[in-house]
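What follows is one structure encoded as structure tokens, with my remarks underneath.
Given the structure is predicted, the values throughout are model-derived calculations rather than measurements. Values below: every heavy atom of this structure, side chains too, minus hydrogens, waters and symmetry copies. Numbering of ligands and ligand atoms starts at 1, following listing order.
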Amino acid sequence: MLESVLIANRGEIACRIIRTAKRLGMRTIAVYSEADADALFVRMADEAHLIGPAPARESYLRIDRILEVAKATGAACIHPGYGFLSERAEFAEACAENGIVFVGPPAAAIKAMGLKDAAKALVQQAGVPVVPGYHGSKQDPDFLRQKAYEIGYPVLIKAVAGGGGKGMRRVEKAADFDAALESAQREAQNAFGDPRVLVEKYILAPRHIEIQVFADQEGNVVHLFERDCSLQRRHQKVIEEAPAPGMPPEMREIMGKAAVEAARAVGYVGAGTVEFIADGREGLRPDRFYFMEMNTRLQVEHPVTEAITGLDLVELQFRVASGEWLPFNQDDLEIHGHAVEARLYAEDPEREFLPSTGKLWALDFPEGEGLRIDTGVQPGDEVTPYYDPMIAKVIAHGATRHEALAHLAEALGDTIVAGPKTNVAFLKKLCEAEEFRTGQFDTGYIDRHLDALGAVPKAADPESVRLGVLRLLEQDFDTRQYKSTVQGGVESPWDDHDAFQLAGQRRQGFPVMVDGERIDVTVEWPDPRATHTAMDVVIHWADGTSHLVGDYMQRDPRNFVVTDDGVIVLNAGRQTRVALHDPFDVDLEHMDGGDSIKAPMHGKLIALFVKPGDKVEKGQRLAIVEAMKMEHALVAPADGEVAEIAAEPGTQVAEGARLIVLKTEE
Ligand code: ADP
């Protein structure tokens, strides 16, 4: 076995690799950026070395820095994890040149699969079916439009260098083709520095089915069955499972063989995934699946395969990298039960899944048989704007699909996370959705059911506000009680802070901030003997009041998370921040009478389309902020005139920073 490993990655995957490496007796070396100095993976590794500032470009993507550390520490191998440098052929080459084992395939295999068009041509020669389409090098719009016509609409335009769903456009009819082509090429150029596209048939009711393959250095190749990753949002995976529901055994065999052929075609070594798309209109059928691409690395969703095969894929990667043979043949492998993984993200489903950053005031996962949590963060850690905002992967394994899904839903319900907004409630609803449970879904399912899944803007939750106010009152009450005893031990009714008055019903005005909005609340003591936790609460919303009655003592205390300025109340996974309003914290933004357009998150202002004095219409795009690898357009909230521009393109902007002031016409 290799003696030591440098992990060229961060977060949950770095933790996961370190765990296996330690079990195998390897010395573990972490590299980290300034933003990760206190991260869990840094603490877990035997040693850790700073390689640069927070932006990945200056740290996790710096091949030179990583190799310097590898040489200085005498690392026997480098594990790239996924993302970052994992599919960069020049990184694999640089490792080889320095006599360090790259835990992954040979550089030539990475290159061969790196461009979608070349990969398709290659596997087609090996007899693997590919989606009908044009995968050639001509890029002339008239030619591509003609090809789209021959293929038949709907078609999909895809970036040749694509990844993460970028540079991809579905086109319904010829009239829309030119505009879609132009925007796909522009996005591909921006994202990959390569504007080339291919055009293929859009598969209807598409199911994303991928096969895990493994190869050793002796040319033995096996597959570890399939994963179904059809639950996607904007072409990004949300929930993954193994095996695929409704998979006919003969189709599994045919797909498995095709994947092995694809791997052989490029002389593959190590763990890889061959992604296929299947036409699911009549269920899964052996003659209706097509090769999409091969990912030449470990996948985020590998734990579901580990669950059903009982194998540790990272251990196998190390064994293969150190020259060992695969310890089994295809016939030795079997599927045990069913596993489902949900990706828990710091993002806000109510705001189009905008990534959410900030301190994790609480983070607690359930434990149990058949449950696995892969995470790279701990309570108190910060979700920063620099990297993918995944908090954890929650994986459930059961005897049947039904059991695994029920287990996962329950685990998500028992997960406590407070601070950044998360998709935990959304994931739970997905697990419980009837169509998903009965296997009636395709890659468009989520986008078609956003309403039912609760991924739409919602008003503040009055019950959470009530509970938050009572919690704040209780806190206040406790500190005062404490004061009266320390100051001489005499209890004074004047210290009780219970709105005591000599006549009439006791009422107390309570200005609070609810998720950043100022709201007035009145607390009423229904009877003179009521305690501070059994009071009526009247919330004065901008458009009416809610009068709420109830207790809160029997609530699970885990649903109240105290922060530095108030409390976060959790209700079925939804977070409501309630803080005392600070009268000195004047809202300067609204004092100028204009409408401010603020940065929705930490990021970089990459484009500005207006200048002071411009007239704009409601909904018009004003600027683009790039954050967490995504572009967010800022639009005018109303008709008006640009009064002020507060930032220049190219600058980093903080969440909530005022970028543009509009004089609106009301
Ligand atoms: P990327 O490399 O950008 O992730 P992929 O080629 O892996 O792109 O495709 C991502 C997703 O896009 C797939 O999982 C599937 O949902 C969808 N997709 C890709 N090709 C097609 C197609 N021909 N028809 C329908 N959907 C497709």
Between E293 and ligand 1, which residue portion shows a heavy-atom distance shorter than 4.0 Å: side chain, backbone, both, or neither?
-> side chain
Region of Q232 engaging ligand 1 - heavy atom pairs below 4.0 Å | side chain
Minimum side-chain heavy-atom gap S356-V383 below 4.5 Å = no
Taking atom 27 (C) of ligand 1 as the point of reference, which of T443, I151, I277, V130 owns the nearest heavy atom?
-> I277
Answer yes or no: is there a side-chain heavy-atom contact under 4.5 Å between R227 and T273?
-> yes
Identify the closest protein heavy atom to atom 24 (N) of ligand 1: which residue and atom is it, and at what distance?
-> I203 N, 2.8 Å
Atoms in ligand 1 with a heavy atom of K158 nearer than 4.0 Å | 6 (O), 19 (C), 20 (N)
Here the atoms of ligand 1 under 4.0 Å from any heavy atom belonging to E275 are 7 (O)
When you measure from atom 3 (O) of ligand 1 to every protein heavy atom, which one gives the shortest distance, and what is it?
-> G165 N, 2.6 Å
Heavy atom of K116 under 4.0 Å from ligand 1?
-> yes
Checking R264 side chain against G219 main chain: does a donor-acceptor pair fall under 3.5 Å?
-> yes
For atom 10 (C) of ligand 1, the protein heavy atom that lies nearest, with its residue and separation | M168 CE, 3.7 Å
Cation over ring, R401 on F436, under 6.0 Å and within 45°?
-> yes
Compute both the distance and the angle, then confirm whether R207 meets the cation-pi test with F276: under 6.0 Å from the six-membered ring centre, within 45 degrees of the axis.
-> no
Considering only the protein, which heavy-atom contact is closest to atom 17 (C) of ligand 1, and what is its distance?
-> H235 ND1, 3.5 Å
